[in-house]
Every structure is written in C-alpha cells, then in structure tokens.
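First comes the structure, then the notes that go with it.
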Amino acid sequence: MQLTETHIVEKLEKPIRFQEYGVGIFNTIPTKSGIKKAIKKELIFIDGLLATTSKFISGGEKIELYQSEKSSTFERLKLDIEVLFEDDYLAVIYKPAGILVSGNKFVTIANGLTQNLKKSNQSDAVKPQPVHRLDYPTSGLLLIGKTSNSITELGKLFEEKEIQKTYFAISIGKMNLKGIINIDVDDKNALTEFDVLKSVVSERFEFLNLVKLLPKTGRKHQLRKHLLAIGNPILGDKEYFLENKILNGKGLFLHAASLEFTHPFTKEQISISKELPKKFTKIFPDF
C-alpha cells in the first residue's frame with residue numbers, strides 16, 4: 001500500500017466518532033460513504049492502528065489514508081479559492097467569473113471547497129457547501145456552510161431577508177440616477193434598488209453606467225432581468241440583451257461585492273467586501 005494523505009486532528013471540544021469526523025478531511029474522499037468504504041478496505045490508520053467506524057477522535061491523532069494497488073486512482077480538483085472569512089461554522093469565499101458554483105461538472109466551486117477550507121471541529125461538520133447561488137458569468141462573494149446547523153441557519157437568514165447583498169454592474173444606455181425596480185420575475189414579486197454612481201459616454205453604447213444594486217428579493221437572474229426590463233441591460237450579457245448591444249469576449253459585468261449579516265452562532269456582525277474586478281476599473285478607473 002502507498003500513503004496518499006495525512007491529517008493531524010486539532011483539539012476538539014468533545015470526542016466525535018471517526019466516521020463523522022472523517023468527512024472532508026481527505027481530498028480524495030469527500031463523503032461519509034467514501035470514508036466507510038475506505039475503513040472497510042482497511043485503508044485508514046489512526047495513530048498507526050486500523051481505523052474503525054466506532055473509533056472516537058478527541059484531538060492530536062495522526063490519521064493516514066493509504067491506497068492499495070487495486071484501488072483506482074482518484075482525480076483531484078486543483079482549484080485555488082480565495083477565502084475572505086472562515087471559522088468553524090461558515091466561510092465567505094470569492095468566486096471568479098466563468099466557473100459554476102455546483103452541478104454535474106468536475107470543475108465547480110463546490111468540488112474545490114474541501115481542499116481550500118479547514119475541517120470544522122463541530123460535531124455536525126459536513127462537507128462544505130454553498131448556501132446560495134451566483135450565476136456562472138458573475139464574480140463575487142459566496143457564503144459557505146461547514147456544518148449541518150450552519151447550512152440550515154444561513155438558509156433561514158436568506159429566507160428572512162436578513163443577509164444584505166450588494167452588487168455592482170455596468171449597464172448600457174441613459175439611465176435614471178436612482179430608483180426601485182418592482183417587476184415580477186417568473187410570476188413572483190421581485191424588488192431591486194439601484195443607484196448610478198457614475199456614467200461615461202460610449203460611442204457604441206451611448207452611455208455606460210456603474211450601478212450599485214441592492215436586491216430585496218432573490219429571484220433567479222433577477223438583476224439581469226430587471227435591468228433589461230428598464231432598458232438598461234448589463235454589459236456583456238448574452239441572455240438578457242438589446243439587439244446590436246452585445247459585447248463579446250469580456251464576460252458579464254456583474255459583481256457580487258459585499259455580504260452583511262449577523263453570524264447565526266457567534267452573533268458577530270459580519271461585513272465582507274471584495275473590490276471591483278479590473279475589467280470594471282478599466283472603464284471606471286476612479287473606483
């Protein structure tokens with residue numbers, strides 16, 4: 001057998017069964033069922049002894065994962081994710097434009113979280129997972145749950161509209177300086193506040209506007225649909241656009257810039273922000 005991964009357990013508040021603790025500590029085995037199979041195949045050792053499902057972990061143990069000659073090689077996703085905030089319960093990470101949050105593809109943010117985040121020491125620790133969505137072409141902040149309770153509580157905060165998200169977009173055409181867009185999306189009430197921070201004259205698009213957006217509801221593609229509905233689609237949008245107003249090759253100019261909420265467990269006020277991508281500041285260098 002060949003040693004493939006080693007994990008040292010940090011001090012835990014209380015002992016936890018290894019089959020629970022082991023979820024997410026190895027890049028090649030992200031699931032509970034995978035841990036059970038590896039234990040059954042005698043591929044995991046704890047302090048030099050074969051691991052069992054009933055073994056309790058308390059802190060300081062050296063856990064080693066081996067690969068037998070018969071084992072198929074696992075394909076690992078090498079994805080560097082910028083982590084802006086992390087504790088035992090949750091994390092806030094930066095999602096670049098042009099990558100899926102989750103889904104059936106191999107390269108997704110969800111598949112890259114385990115190797116970029118620390119294993120939670122909470123008894124209900126699970127494989128980290130995003131608790132909301134960002135479109136494939138959108139860049140910005142993504143909130144991640146690291147425990148079962150955290151995923152549930154963060155979901156409640158979103159439902160109760162207690163997480164404030166701020167976006168920035170570059171829109172096309174002459175636009176009112178501020179306003180509220182109250183137009184249904186998919187037959188559901190949808191509300192977006194907007195504030196134009198700056199506008200520049202554009203030979204091709206007449207005007208380009210740097211717009212601050214505060215969605216008050218979370219409908220799918222809400223911001224993109226709302227700006228098109230008032231005649232000011234987002235630059236680079238190939239789904240919601242005006243005829244002859246498509247910009248190719250630069251991606252979508254929509255950025256999830258900040259998240260503000262009360263931490264559901266520590267009650268700390270969390271306020272995280274991420275600066276505008278370079279493609280925004282090339283058009284608006286003062287921001």
Side-chain angles (χ1 to χ4, degrees), residues 77-86 91-103 105 107-113 115-117 130 132-144 164-175 177-178 192-215 221-228 232-242 244-260 270-287:
L77 174 61
K78 293 182 173 65
L79 183 66
D80 289 328
I81 294 174
E82 183 180 0
V83 181
L84 299 168
F85 174 87
E86 182 179 11
V92 178
I93 63 102
Y94 174 66
K95 185 193 92 68
I99 184 169
L100 289 170
V101 170
S102 58
K105 301 288 187 182
V107 180
T108 65
I109 292 293
N111 284 343
L113 289 174
Q115 68 180 39
N116 284 276
L117 297 178
H132 62 114
R133 61 179 179 263
L134 281 181
D135 293 344
Y136 172 82
T138 304
S139 62
L141 302 186
L142 192 64
L143 188 54
I144 309 299
Q164 177 64 63
K165 294 189 287 185
T166 302
Y167 290 76
F168 288 94
I170 294 181
S171 66
I172 294 171
K174 194 164 185 178
M175 193 171 179
L177 288 179
K178 58 176 57 186
T192 303
E193 291 183 14
F194 71 87
D195 189 359
V196 176
L197 304 180
K198 193 168 184 178
S199 298
V200 294
V201 175
S202 167
E203 184 176 336
R204 181 178 172 189
F205 300 108
E206 184 183 7
F207 289 97
L208 291 174
N209 316 286
L210 180 62
V211 188
K212 181 179 179 181
L213 298 162
L214 297 174
H221 296 174
Q222 176 178 316
L223 300 179
R224 299 163 69 182
K225 289 179 176 180
H226 268 179
L227 286 174
L228 175 64
N232 302 106
I234 297 174
L235 185 67
D237 201 329
K238 295 181 180 180
E239 285 189 68
Y240 307 100
F241 59 89
L242 297 175
N244 300 318
K245 298 289 185 180
I246 297 178
L247 178 69
N248 291 314
K250 300 293 184 182
L252 180 69
F253 284 74
L254 179 62
H255 176 66
S258 70
L259 283 171
E260 295 182 33
I270 305 294
S271 180
I272 309 290
S273 60
K274 177 68 177 174
E275 71 275 5
L276 290 174
K278 287 182 180 178
K279 67 181 183 182
F280 281 71
T281 54
K282 283 183 178 179
I283 299 173
F284 295 98
D286 297 338
F287 289 85

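If you're wondering where the values come from, they're calculated on a predicted model, not measured in any experiment.
Here the closest heavy-atom approach between residue Arg224 and residue Pro137 is recorded as NH1-CG, 4.1 Å. Shortest non-hydrogen contact noted between Pro130 and Ile144 is CA-CD1, 3.7 Å. Closest approach of Ser139 and Pro277 over heavy atoms only: OG-CG, 3.7 Å. What you find for Gly112 and Gln115 is that their closest heavy atoms are O-CG, 3.5 Å. The minimum heavy-atom distance between Ile81 and Ile109, with the atom names listed, is CD1-O, 3.9 Å. Heavy-atom minimum distance, Leu208 versus Phe284: O-CZ, 3.5 Å.
Atom CG of Leu276 is separated from atom OG1 of Thr281 by 7.0 Å, given to the nearest 0.5 angstrom. Note that OG1 of Thr138 and CZ of Phe253 are 12.5 Å apart. Values are rounded to the nearest 0.5 Å. The distance from the CD1 atom of Ile99 to the OH atom of Tyr136 is 8.5 Å, given to the nearest 0.5 Å. Expressed to the nearest 0.5 Å, how far NZ of Lys178 lies from NZ of Lys212 amounts to 9.5 Å. To the nearest 0.5 Å, atom OG1 of residue Thr192 and atom NE2 of residue His226 are 4.5 Å apart. Between atom CD of residue Gln164 and atom CD1 of residue Ile270 there is a gap of 15.5 Å, rounded to the nearest 0.5 Å.
Residues satisfying the side-chain hydrogen bond (donor to acceptor under 3.5 Å, both in side chains) criterion with Lys165, sequence neighbours excluded, are absent altogether.
Annotation for Lys250: atom NZ does not count as buried by contact number, only 12 or fewer foreign heavy atoms lying within 6.0 Å.
Residues Leu228 and Asp237 have side chains not in contact (no heavy-atom distance under 4.5 Å, counting atoms from C-beta outward). Here the side chains of Leu254 and Leu213 are in contact, with some heavy-atom distance below 4.5 Å. Using a 4.5 Å heavy-atom threshold, the side chains of Ile172 and Leu242 count as separate. Under the 4.5 Å side-chain criterion, counting only non-hydrogen atoms from C-beta, Thr166 is not in contact with Ser273. Considering only heavy atoms from C-beta on, Asn248 comes within 4.5 Å of Lys238 through its side chain.
Lys279 contributes a side-chain N or O that, together with a main-chain N or O of Leu252, makes up a donor-acceptor pair within less than 3.5 Å. In this structure, the side chain of His255 engages the main chain of Glu275 through a donor-acceptor pair within 3.5 Å. Asn116 places a side-chain N or O within donor-acceptor distance of the main-chain N or O of Leu79, the cut-off being under 3.5 Å.
Leu84 pairs in a side chain to side chain contact (heavy atoms under 4.5 Å, CB included) with only one of the listed residues (Ile93, Leu142, Leu141), which is Leu141.
Between Tyr240 and His221, the ring planes lie perpendicular to each other; the angle is over 60°, past the 30° to 60° tilted range.
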Can you give the donor-acceptor pairs under 3.5 Å from side chains of residues 196-204 to other protein atoms, not counting sequence neighbours?
unit_1: Lys198; atom_1: NZ; unit_2: Asp286; atom_2: OD2; d: 2.8
unit_1: Ser199; atom_1: OG; unit_2: Asn209; atom_2: OD1; d: 2.7
unit_1: Ser202; atom_1: OG; unit_2: Arg204; atom_2: N; d: 3.4
unit_1: Ser202; atom_1: OG; unit_2: Phe205; atom_2: N; d: 3.0
unit_1: Arg204; atom_1: NH2; unit_2: Ile246; atom_2: O; d: 2.5

